[in-house]
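Convention: sequence-line order gives letters A, B, ...; per-chain numbering from 1.
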2 protein chains.
Amino acid sequence: MDKTLLEKFKDTLHTNGMKCTPARLLIFKEVYSSSEHFDADEIYFRMRREKKAVSRATVYRTLDLLVENGFVSRVNVGASQVHFENTLAQEHHEHLVCTQCGKIIEFSDKVIEKQQNLICEEHDFFPTKHNLIIFGLCDKCRKRNN
Amino acid sequence: MDKTLLEKFKDTLHTNGMKCTPARLLIFKEVYSSSEHFDADEIYFRMRREKKAVSRATVYRTLDLLVENGFVSRVNVGASQVHFENTLAQEHHEHLVCTQCGKIIEFSDKVIEKQQNLICEEHDFFPTKHNLIIFGLCDKCRKRNN
DNA sequence: ACTGTAATTGAAACTCATTCTCATTTAGAA
DNA sequence: TTCTAAATGAGAATGAGTTTCAATTACAGT
Ligand SMILES: [Mn+2]
Ligand SMILES: [Mn+2]
Ligand SMILES: [Zn+2]
Ligand SMILES: [Zn+2]
């Protein structure tokens with residue numbers, strides 16, 4: 001976890017008149033401790049296990065805060081809970097989700113992005129965000145199935 | 001609502017050993033009474049208003065049944081409830097969703113579909129389903145905003 | 001048409017993720 | 001150090017959807 005990033009987070013808190021609390025810093029660090037996708041409860045339980053417990057409410061509240069400030073993004077992986085990922089190294093990308101083992105493959109594609117813009121123009125639509133998710137079977141699961 | 005379609009539904013029920021009940025037929029007709037996207041509770045309340053009340057549980061159960069048999073598909077429009085649409089006239093398509101007025105524009109695009117397949121091949125991934133949703137502002141809302 | 005029975009239904013209880021409430025604590029400005 | 005608005009934690013509340021189960025019903029077999 002990049003040191004300057006933590007500073008950037010602290011700056012964000014400061015310039016928005018929000019308090020720089022232990023709970024927020026711990027959650028921030030937890031979120032940036034891996035580059036996997038995660039949900040709120042995963043963070044909650046990882047933190048308790050590591051004896052850095054904060055309340056569920058605070059986890060949810062802080063994740064919202066991180067999303068609003070671009071440190072984390074919400075990811076749709078077809079699950080019943082909202083999933084997240086930190087925005088450390090990754091540029092904008094989409095996901096392939098294996099419906100058998102849950103493996104997630106990330107990709108980004110210029111052709112698709114460009115085509116989306118064309119479509120929006122055609123419909124006089126101003127795009128702000130998009131979400132492409134492809135469900136299927138990863139190589140291993142396909143082989144395993146036979 | 002096409003007559004042969006109702007027959008097709010009845011056939012499906014029959015060949016799957018399921019009973020052809022009034023509740024199921026009413027829900028089926030309600031679902032095919034418009035081509036808008038809808039959620040379970042919309043169906044539930046429309047039916048009560050029209051004095052064709054069935055229980056919420058039956059609405060949910062029947063919608064699942066309709067999805068499993070291809071009469072209805074689940075649609076992600078970024079809402080907190082699951083949305084559906086009947087599969088009457090539409091081929092497979094994606095959605096532009098106006099985040100201001102809720103307007104939904106449908107589109108389908110060969111280039112994107114083809115590109116998705118290429119990407120899946122590259123990752124040795126066997127796609128079964130996908131979902132593309134573009135959020136933004138429709139023409140009217142953009143103008144209205146200024 | 002009548003029966004028997006397994007499928008279906010409705011009502012209400014339940015689940016589970018997330019949000020809200022509110023009394024208590026605390027960061028940080030003065 | 002003091003003061004106060006912001007933040008926190010515990011648990012209650014919410015809301016979509018699912019499950020349970022006793023009562024009803026479609027319909028296959030007679
Ligand atoms: Mn990702
Ligand atoms: Mn549609
Ligand atoms: Zn897999
Ligand atoms: Zn609009």
Please list, pair by pair, any protein nitrogen or oxygen found under 3.5 Å from a nitrogen or oxygen in nucleotides 18-21 of chain D.
residue: dT20(D); atom: O4; partner: Arg61(B); partner atom: NH1; Å: 3.3

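The main-chain N or O of Tyr44(A) is never found under 3.5 Å from a side-chain atom of Arg56(A) such that the two would form a donor-acceptor pair. Arg142(B) places a side-chain N or O within 3.5 Å of a backbone atom of Asp124(A) that can act as its donor or acceptor partner. Thr58(A) places no side-chain N or O within 3.5 Å of a backbone atom of Val54(A) that could act as its donor or acceptor partner.
His92(B) and His130(B) have their aromatic ring centers within a separation under 6.0 angstrom.
With respect to Asp41(B) and Arg48(B), no salt bridge is recorded, no charged nitrogen being found less than 4.0 Å from a carboxylate O.
Here the P atom of nucleotide dA26(D) and the NZ atom of Lys10(B) are 13 Å apart, to the nearest Å. Spacing between atom OH of Tyr44(B) and atom C1' of dG10(C) amounts to 10 Å, rounded to whole angstrom units. Rounded to whole Å, atom C1' of dC16(C) lies 13 Å from atom NE2 of His83(A). The interatomic distance linking Arg24(B) (CZ) with dC27(D) (C1') rounds to 13 Å, in whole Å. Remark: C1' of dT26(C) and NZ of Lys19(A) are 6 Å apart, rounded to the nearest angstrom. dG17(D) atom P lies 8 Å from atom CG of Asp41(B), rounded to whole Å. Rounded to whole Å, atom P of dT8(C) lies 13 Å from atom CG of Leu25(B). Atom P of nucleotide dC16(C) and atom CG of Asp39(A) are separated by 14 Å, given to the nearest angstrom.
Of the candidates dT8(D), dA17(C), dT9(C), dT8(D) carries the atom nearest the Thr21(A) side chain, counting heavy atoms from C-beta on.
Residue order along DNA chain D, read from the 5' end via each residue's closest nucleotide, puts Gln81(B) first among His14(B) and Gln81(B).
Of the side-chain N and O atoms in Thr58(A), one or more sit less than 4.0 angstrom from OP1 or OP2 of dG9(D).
Expressed to the nearest 0.5 Å, how far CZ of Phe28(B) lies from SG of Cys20(B) amounts to 10.5 Å.
Contact of the Thr12(A) side chain with the Phe71(A) side chain is registered, since non-hydrogen atoms from C-beta on lie closer than 4.5 Å.
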